[in-house]
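Note sheet for the following structure.
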Amino acid sequence: MALPAQDERTMPAVVLRDLDQRPLEQTLIELHDLTELHGHLVVVCSEATPEPVLRRLYTLRSLLESDRIAVFRPGLPPLAVAVLARQLRQLASCDLSPGVLASAGRLLTHYLHAGAVLGSVARLDRVPVGLKAHAKSWMPGTQFAVLAHPEPQLVKIAPGATLKGPEFGTWMLVAKGQHPGDFATGLADTWNCHGLRETDLPAESARWWATPRTAEFCAHLADLSVLYQLVSSVRQSRCHWCGIDVIGDRCVFCSATPPAHDLPGPRALEQRTPA
């Protein structure tokens, strides 16, 4: 899902639609033209993306014999994946090299707090679910709040129930879908978020959370200057195989691992109170 632009500098997204349903030649031409137009591509997709779509994507990359296409599948819920893709679109307007921009995805995941309000956790396997929670999920009207990232949490929604949130200033994005999102909306106040916005529920959400009765939420950094400062302050290295500048322990384009390179950890952000 491509979220609307966060600000006037946010670059537009290109959505690769129906990769597994259109003719191979057609999708091959599309990906080739995009690569030639932009130079490098960072394809961001959810772990809930159907397997036929992923197979087609890797087939296209292989046929193009291109190390200018990076495929990034973070272990995040679908709404958080959409938020992360938008953050990369924001950073694409800055003076970052393609390798650094693509590598920034793994760094920025540390600053996302993503979860959902669920009507059932009977089939949920993304976070640990105890036997009592499984049993309670069969009771009519029972709801659960789940935090999948950065640390798994699960609570039964009741008066006073809450989830541990970020210790730095964020914005909250909520996708209610077909499930009430009152608890998710209330988290924006509990977590002292700067503000709250709403959007549609991603198509992969029901598959990722193992139930259609879900409302997703994601607390994230929205300020471009903060995002840029985080990424630009991390030490860069040059990939010994393809020569591109990267941050982290692996080149996202050719998958080579730079020798003797330490993986940068997330930088602590100071607590900020909304104005």
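What you see is a predicted model; the values in this text were computed from it and never measured.
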Do you know which two heavy atoms are closest between [X] and [Y], and how far apart they sit?
X	Y	value
E30	V15	OE2-O, 4.4 Å
A148	V127	CA-CG1, 3.8 Å
S93	M11	N-CG, 4.0 Å
T27	R56	OG1-NH1, 3.5 Å
I247	Q236	CG2-CG, 3.6 Å
L163	W191	O-NE1, 2.9 Å

Task: Full working for side-chain contact (heavy atoms from CB on, under 4.5 Å) between Q153 and K164 - done: CA-CA 8 Å; Q153 299 177 53; K164 181 181 178 181; 3.4 Å; yes

Could [X] and [Y] be called an ion pair, given the rule that one side-chain N must be under 4.0 Å from one carboxylate O?
X	Y	answer
R238	D245	yes
K176	E216	no
E36	R68	yes

Just verifying a value: how many Å separate [X] [atom1] and [Y] [atom2], rounded to the nearest 0.5 Å?
X	Y	atom1	atom2	result
N192	E167	CG	CD	11.5 Å
I29	R22	CD1	CZ	10.5 Å
W209	L124	CH2	CG	6.5 Å
C218	L76	SG	CG	7.5 Å
L187	H113	CG	NE2	11.0 Å
L227	Y111	CG	OH	10.5 Å

Can you confirm whether [X] sits close enough to [Y] that some side-chain heavy atom of one is under 4.5 Å from a side-chain heavy atom of the other?
X	Y	answer
L91	Y228	yes
E47	P78	no
T170	H220	no
T199	M1	yes
F168	L221	yes
V44	V81	yes
T214	V117	no
L101	H40	no

Donor-acceptor under 3.5 Å ([X] side chain, [Y] main chain):
X	Y	answer
R89	L3	yes
D18	Q21	no
R207	A48	yes
T49	C45	no
R9	Q90	no

TODO: Would you sort out whether R106 and V252 count as a side-chain contact (heavy atoms from CB on, under 4.5 Å), showing the intermediate values?
DONE: CA-CA 10 Å; R106 285 185 291 171; V252 291; 4.1 Å; yes

Open item on the list: For a quick check under 3.5 Å, do T10 and D7 share a side-chain donor-acceptor pair by atom type?
Closed with: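 Their side chains do contain a donor-acceptor pair, which is all the 3.5 Å distance test asks for.
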
Task: V231/C94 under side-chain contact (heavy atoms from CB on, under 4.5 Å): CA gap, chis, key distance, verdict - done: CA-CA 11 Å; V231 175; C94 302; over 6 Å; no

Task: Co-membership, hydrophobic cluster, residues V100 and V226, 4.5 Å side-chain - done: yes

Task: Nonpolar side-chain network containing L201, other nodes, edges under 4.5 Å - done: none

Task: ILVMFWY clustering at 4.5 Å (side-chain atoms), partners of L63 - done: V14, L16, L19, L24, L28, L31, L34, L41, V43, V53, L57, Y58, L60, L64, I69, V71

Open item on the list: Does R197 qualify as a cation-pi partner of W171, given the criterion of NZ or CZ under 6.0 Å from the six-membered ring centre and within 45 degrees of its axis?
Closed with: yes

TODO: May I have the step-by-step check of side-chain contact (heavy atoms from CB on, under 4.5 Å) for S46 and R73, ending in yes or no?
DONE: CA-CA 6 Å; S46 167; R73 295 183 68 204; over 6 Å; no

